[in-house]
Amino acid sequence: MKICWSWLKEEVNFKIDNMEHVVERLTETGSEVESIEKPVPLLKGVVTAKVKSIKGHPDNPNLLVVKLDTGKGEATCVTAAKNLRAEDVVPYAPPGATVADGTVMAAREFDGIVSEGMMLSADEIGLPDIADEFGILRLSESEKPGKDIRPILGLDDYVLDISITPNRGDLLSVRGLAQEVAAILDVSINELRPNKGFSDSGPSTSDMEKEFKGITLQDEGCSLYALGFADNVKIGPSPVKERVRLSLLGMRPINNIVDATNLVMLYLGQPLHAFDYDLLPEKEITVRSAREGEKIVTLDGKERSLIPDDLVIASGGIPVALAGVMGGENTEINDSTKRIALESANFDSVRVSKTYRRLGLPSEAAYRFARKVDPAKVTIALSKTFEYLVKWKAARPLGQVMERSGEEQPRYVELTRKNLKKVLLLEDMDLASTILRRLGFIETTKEEDRRVFQVPSFRADVSIEEDLIEEVGRVWGYDKMESRLPAVTRKPGDITKRMRTERQLRNIAMGRGYAEAITYSFISPDLLKTLRIPEDSPLANCVTLSNPLSKEQSIMRTSLAFGLLKAAAANIRNGWRSPIRMFEIGKVFSLEDGTELGVKENLHIGGIVCLGKDSRFVWKEQVDDFFSVKADIMALTEAKGVLLEFVKGEYPFGHKGQSAHILNNGKVIGYLCRLKPKIAEELSLPQPVLLFELDLEVLERSKGVSFGKTNKYPAVYRDISILIDKGMPVEKVKVDVKDLASQYVRSVRLFDVYEGKGLPEGKRSVAFTLEYRSEEVTLRDEEVDKAHMGLREALQQKGYVLR
Amino acid sequence: MNDKVISREKWGVAVVIDIERKTAEIKDLFFTELKKAKGPEDLEEIRVRFLGKKGNITSLLKSIKNIDPSERPKAGQLLNQLKEEIELAIRQKREALLEAFYQKEEEEDAIDVTLPPRGRKWGGFHPVAQVMEEVVEIFASMGFTVAYGPEIENDFYNFEALNIPPHHPARDMQDTFYTTNGLLLRTHTSPVEVRAMRQMGAPLRIVVPGKVYRRDNDPTHSPMFHQLEGLLIDEDISVADLKGCMEAFANIIFERSLKVRYRASYFPFTEPSLEMDVECVACSGKNPECRICKGTGWLEIAGMGMTHPNVLRAGGIDPQKYNGFAWGMGLDRIAMLKYGLDDLRVFFEGDLAFLIGGRQE
C-alpha cells in the first residue's frame, strides 16, 4: 500500500513533523514500511512558463518556434509538439535544468534556431501516466510563470510503501493509516466531515431518482448497496495535481469521474464504481449470484464466463459489473457520458475472494473487499466523490438511494487483568484501556480486573480477548517486555533417532569424500524417460503438481537418482573436471493407497560417483569404482550396526551386469548400480557412473553396533582354494564354506579371485583363509588339520572342486 | 709397573715381558684395523682375527699356561681386559656404522611432503543441512524435541487447522503448489504443530525442521526452501518466554550477543504475532550501503507469536488451561548469514563449484 507523506500530514495533527519516527513506529506496530521514495528525484530546475506566441519554424515544417514568458524574461523554444496555444502554462526546463531521466538541459540549435532549453511532456517529467493529451503537459492557466514545478505538481513529497498485513483491511486507506498513526503516536486526527448535502437519502426529488426503479439485494454477499446519481457530466481530465497523486500511488489517471472514485478509494478504503447511467439496460440494479455460464466483458476488455459463486451487479437481467471486482464494459464511463450512477457498496469478502482468485483479477477493489471494508464508509464515500466532482465542475450531484440486507451488530470483547498479565506480563489495565481507546475501541464496562470494549466497525479483525491483548502489546511495544527462558522443563529435549542417524550418515559420507547436495524435490517428467523408467514401475508412481512453475519441476521425485544425475550432468556441462562424489539425504514420494494421504514419503540417502572428465591423479591408482562405493555404503550402514547383503539385481537405469539389490534381513532396502553406459553417454557423463540409494528406515530403527570378545587363545589359519563356475556368486560359496566348516571356524575371508591362464574356460578360482580358534583351549595343529580336512571333504561332497 | 718389568727382565722371565708387549702391539693393531672398517663384514672379519678361535688374543690366552704361575693371574687379567676392550669397541663401531647406514638410507628415502594427499579428501557439508542440525541442537538443549511431518500435506493441516479458512486473504501470502490428487506441498512447517498436538497433547515442546514449498522463483526466493518450526505449549506462557528462547538461539547460532528488536506482525495461527529482527551480522547497522541488510541494520530472522486458541482447539488442547507460542524461521537465510552467502538459487543445484569449489585445487 502506497501513501503520500503529504496526504497523511493533511489528516494527522503531528506535534512534530518527523517522518522517520512515524516510519519506525509503523514498522514496530505491525505495518512495515518497505520503502520511502522521493518522486522523480532527479527532476530539478524546471519552472512554469507561459506561452506568448507560436510560429512555424521557417526551415522545418515539422517544428514550431514558441516564445515563452519564463517569469524572468523571454525564452525561445523549438518543439515538435502540436498541442499548445498562446496563454498555456507549461513546464519549462531552461539550460542547466535536469529532467526526470537525469539529462541536463542545454541550448540546442534546430535548423538555425536556438532552443533555450525545452518544454516538457509528462514523460520527460517522469510521470508518463499523468499525460491527458499528446504533447507538452499543460498546467492550469492560473499558474504564474517562473515558479518551480515540483511544489506545483506535488512532487516535494515522499511516497511510503507500507506492507499491510491481511488482517488490517482498514489500513488500506489514507484515512485508516492516519487513524493508526494518530493512535500509535498519541496525537489527534482531523475529523472526517462528509458534506451532509450529498448524503441526503430523503425523498427522491431529481428526475434520475424518480426514474430509478430500485435496488434489489437478491442473494447473500452484499450487506449494503448505495447508488449516487449525478447529471451534467463533463468528462475530462482531473486536475494535474490529483493526476500526479494518483500516479504516485500506482493508479493510472483515466478521467475526472473515474479518478474521483479512485481518489476516494485511496482516501477511505471504500471501492466505488461509476456506471454510465444511460447505458444501464434497465433503470434498476439487482445484486445476485451469476448464472452458470453467464458472460460479462469486464473493463479490461476480456470476456469472463461466470459461475454461481460469482456475485454480479445486474441491470435488466444483464450483468453490468462483477461485484467488488471489476465493472463491465457495457456500462463504462466514456467521452459522451452525460449521467452517472456511482456505486458504493459493501460486498462479502469470501465471495469477492473466490471470484478474483478464480479469474485472476486482483483489482484494487477486490483486494480491499477481500480484506473487509468498513460498512460505515459506504455513504461517506459517495459524499466525498461528489465533493471532488463539484470542485472540479465535472458533474451535478443529485442524491442517492440505498438498500441494506441486515444490520451489522456491534461487537463487544472483554479484557481481563489475568490474561493481560499472563501474556504480556503487564498489569496496568488503565494503560491497556488508554491504548485501546486511542485505537477507536469504546470502553463500555470498567471494573478493577475486567474491562469490556466495543470494537469499532472498521476493525473486523478483532473478536476475542487475544486480539485486544495484541493491540495493547503492539502499541505498548514488545521491546519493553523482559525476556526469560520458559521456566519448567518437563522433559529433556531430544534430536531423536532420525536426526541422529542423519547426522551420523552425513559425517561418514563427507568423511569418505562425498559432498552433500540438496536438490529439488520436484523433477522433470523427461528424466523418467531419460532413465528408462517404465510406466508400470514404482518409480513412475509420481505425485504430480497441478500448478508447477515449469514442466522441469512438475512431478515429485520417486528416487534421489534423478536430482543427483541432473546435478552431475550440470557440473560436467559447467566445466567441472575433477571426480564427482555427491550424496543427498531427502524424501522421495510415491502414490500409495491405504496411507493417510494416499502418498508415501520415504527418507533416503542417495549418492552418485563418477570419475570426472580428468581423472589423472598424481598417485595413479583409481580411488572410485563399484567396489569402493560398496565399501562406502557398508561404512554407512555398519556404523548403525546394520548388515547388508548385495545380490545381483536389475534396475531400469542400471548396467545389466553391474547392478545390485541391497538387502537387509532379506528385504530390499536399496540399490547400487553402474548407470547404463548409453544413458551416461546421453547425459555426457564420463564413465563409469555409479549410483546408490538406501531407505533410512532400517538404519533409524537399528539398535546400533555390537562388540566382540577379546581372544584368550591363539588362532590357527588354513587356506582353501576352490574352482567354481564363473557365474556363481562368491558370496554363495562363502556361505557354503561357513555352513560346512567346523565349530572352530571364527571367520572366512576371501583373499583371492583368479581366472584366466591355467584354469579351464568359464571357471575361476576363489581362495579363502579360515580362522580356527577355540574360546576354551589352544587348538593343536592336528585338531585343526582334522577339522580342515573334514571341511574339504564336505565341500567336495557338495560338488566343489578343490585345488 | 716399570719396576716390575725390570725385575722380571732381571729374572729373565722373557714370556711375561712378551705378553705385555704383545698386548700393546695387538691393541695398536686392532684400533688401526677398526678405523679402516667400513661395514658389518669388515667388523666381522676383525672380530674373527682378534677374538676368533684362532684369533690373536685367543692364542695368547692359550700361551698363559707357559708362564710363571705367580705371574699368570696378572697376565690373564691383562689379556681379559684387552679382550673386553676390543669387544666393546667392535660393538660401538657396529652401532655407529648402523646409525650411519640408516642415516644415509633416510636421506635417500626423502619425499616431497608438498605432494597432494592420496585417496579422497573430505567431501563437505551443505550449508543448510549443517545449519539445520545446529539449530535443532540449540533448541534440544532448551528442552525441545524434534518432530516431523509430511511434505505433501492436505489443506486441513496446512491451512484450516491453522486458522486459515478457504478464501482467507492470508492464503495470498503463500502461493501454494497443489497436486493433481487434491493435496498440496506444505507451504510452511506449521502443519506439524497440529499433528504433534493431536499425537502428543500438552504440555509440549517441539521443533520441526524440514523442506517447504512456495510458488516463487526469483533471486531471493526459491520454490523449495527450509524452515524450522517451534512450538511450546504449557501453562502460563508469556511473550517473554518466547523472546528468551529466540534470543538464546540467535546468540548461539551467530556466536555472539546480538541486538534484537521485535515488530508486531500478523499470522493467522498466532495472536499476538511478532517478527524478530537481529542486528545485521555483516555490518551491525554501521554500513548504510550494506548489501546484507540493505542499509536497515536489521535482519528478519523469524515470525512468531502466541498460539491462537483456534489452533490449540484444532490440536485438541484446551485453551483455557494451556497456552503457548510458536515460531517459524527460514534456515536457508540463516545459513546464508552464517556462511556469508548471497545467492539462494545456487543452494539446490548440486553445483560442486559452490559446494566444494572453494576447497579444490
**OP:** Select one option (side chain, backbone, both, neither) describing which atoms of B/F347 are under 4.5 Å from chain A's heavy atoms.
**Re:** backbone
Original post:
A/W576 versus B/D351: any side-chain heavy-atom pair under 4.5 Å?
Top reply: no
Subject >> Which portion of A/S349 sits near chain B, non-hydrogen atoms under 4.5 angstrom >> reply: neither
Original post:
Do you know which of B/P209, B/P150, B/A147 has the most heavy-atom pairs under 4.5 Å to chain A?
Top reply: B/P150
**OP:** Mind ranking B/F125, B/F354, B/F177 by heavy-atom pairs under 4.5 Å with chain A and telling me who comes out on top?
**Re:** B/F177
Original post:
Where does A/I555 contact chain B at under 4.5 Å (heavy atoms): side chain, backbone, both or neither?
Top reply: neither
**OP:** Identify which part of B/E349 has an atom lying under 4.5 Å from any heavy atom of chain A, answering side chain, backbone, both or neither.
**Re:** both
Original post:
Do A/R498 and B/Y148 come within less than 4.5 Å of each other through their side chains, counting heavy atoms only?
Top reply: yes
Original post:
What part of A/E471 lies closer than 4.5 angstrom to a heavy atom of chain B: side chain, backbone, both or neither?
Top reply: neither
Subject >> Heavy-atom pair of closest approach, residues A/P492 and B/T145 >> reply: O-OG1, 3.8 Å
**OP:** Report yes if some heavy atom in the side chain of B/K121 is under 4.5 Å from a heavy atom in the side chain of A/R581; otherwise report no.
**Re:** no
**OP:** Could you check if a side-chain atom of A/D624 sits within less than 4.5 angstrom of a side-chain atom of B/R120, using non-hydrogen atoms only?
**Re:** yes
Original post:
In terms of heavy-atom proximity below 4.5 Å to chain B, should A/R512 be classed as side chain, backbone, both, or neither?
Top reply: both
**OP:** Find the distance between CG (A/L591) and CG (B/N181) and round it off to the nearest 0.5 Å.
**Re:** 5.5 Å
Original post:
By a 4.5 Å heavy-atom criterion (distance strictly below it), what part of A/V423 contacts chain B: side chain, backbone, both, or neither?
Top reply: both
**OP:** Using non-hydrogen atoms and a 4.5 Å limit, figure out which bit of B/F225 sits close to chain A: side chain, backbone, both or neither.
**Re:** neither
**OP:** Could you look at B/Y213 and say if it's the side chain, the backbone, both or neither that has a heavy atom under 4.5 Å from chain A?
**Re:** side chain
Original post:
So, for A/R484 and B/D236, which heavy atoms are closest and what is the spacing to 0.1 Å?
Top reply: NH2-O, 4.0 Å
Original post:
Do B/E133 and A/R506 sit within salt-bridge range, that is, some charged N less than 4.0 Å from a carboxylate O?
Top reply: yes
Subject >> Part of B/P203 lying under 4.5 Å from any heavy atom of chain A >> reply: side chain
Subject >> chain A contact via B/I152 - side chain, backbone, both or neither, heavy atoms under 4.5 Å >> reply: both
**OP:** Evaluate the side-chain proximity of B/C245 to A/L485: yes if any heavy-atom separation is below 4.5 Å, no if none is.
**Re:** yes
Original post:
Considering only heavy atoms, which portion of A/M499 lies under 4.5 Å from any heavy atom of chain B: side chain, backbone, both, or neither?
Top reply: both
Subject >> side-chain contact (heavy atoms from CB on, under 4.5 Å) partners for B/A302, two or more places apart >> reply: B/M246, B/M304, B/M329
**OP:** Check each atom of B/L352 against the heavy atoms of chain A and say whether the ones under 4.5 Å are side chain, backbone, both or neither.
**Re:** both
Original post:
Counting heavy-atom pairs under 4.5 Å to chain A, which of B/A353, B/P223, B/G182 comes out on top?
Top reply: B/P223
Original post:
Who pairs with B/F139 by ring pair (Phe, Tyr, Trp, His ring centres under 6.0 Å), at least two apart in sequence or on another chain?
Top reply: B/F144, B/F249, B/W327
Original post:
So what's closer than 4.5 Å to chain B heavy atoms on A/L564: side chain, backbone, both or neither?
Top reply: neither
Subject >> chain B contact via A/D479 - which portion, at a heavy-atom distance below 4.5 Å >> reply: both
**OP:** Starting at OH of B/Y262, measure out to OG of A/S483 and round the result to the nearest 0.5 Å.
**Re:** 5.0 Å
**OP:** Check whether B/L232 gets within reach of chain A through its side chain, its backbone, both or neither, counting any heavy atom under 4.5 Å.
**Re:** side chain
**OP:** Mind ranking B/E247, B/K294, B/E151, B/H308 by heavy-atom pairs under 4.5 Å with chain A and telling me who comes out on top?
**Re:** B/E151
Original post:
Using non-hydrogen atoms only, which part of B/N323 is less than 4.5 Å away from chain A: side chain, backbone, both, or neither?
Top reply: side chain
**OP:** Please say whether the positively charged group of B/R263, taken as NZ for Lys or CZ for Arg, lies over the ring of A/Y478, i.e. under 6.0 angstrom from the six-membered ring centre and within 45 degrees of the axis.
**Re:** no
**OP:** Kindly compute the distance separating CH2 (B/W122) from CG (A/N507), expressed to the nearest 0.5 Å.
**Re:** 8.5 Å
Subject >> Under 4.5 Å from any heavy atom of chain B - which part of A/E601 >> reply: side chain
Original post:
Is it the side chain or the backbone of A/P548 that comes within 4.5 Å of chain B heavy atoms, both, or neither?
Top reply: backbone
Original post:
Is the closest basic N to carboxylate O distance between B/R261 and A/E24 below 4.0 Å?
Top reply: no
Original post:
Are B/R195 and A/E596 ion-paired here, with the side-chain N under 4.0 Å from a carboxylate O?
Top reply: yes
Original post:
chain B heavy atoms under 4.5 Å from A/F589: which part of the residue, side chain, backbone, both or neither?
Top reply: side chain
**OP:** Give, as side chain, backbone, both or neither, the part of B/Q130 having an atom under 4.5 angstrom from any heavy atom of chain A.
**Re:** both
Subject >> Minimum side-chain heavy-atom gap B/M142-A/P486 below 4.5 Å >> reply: no
Subject >> Interface residue of largest heavy-atom contact number with chain A, from B/V128, B/V207, B/L185, under 4.5 Å >> reply: B/L185
**OP:** Check each atom of B/M306 against the heavy atoms of chain A and say whether the ones under 4.5 Å are side chain, backbone, both or neither.
**Re:** side chain
Subject >> Side-chain touch B/K211/A/I518, heavy atoms, less than 4.5 angstrom >> reply: yes
**OP:** Considering non-hydrogen atoms only, spot the tightest contact between B/V146 and A/T496 and give its length.
**Re:** O-CG2, 3.5 Å
Original post:
Does B/R215 reach the side chain of A/L549, with side-chain heavy atoms less than 4.5 Å apart?
Top reply: yes
Subject >> Options B/A248, B/S273, B/P165, ranked by heavy-atom pairs under 4.5 Å with chain A, top entry >> reply: B/S273
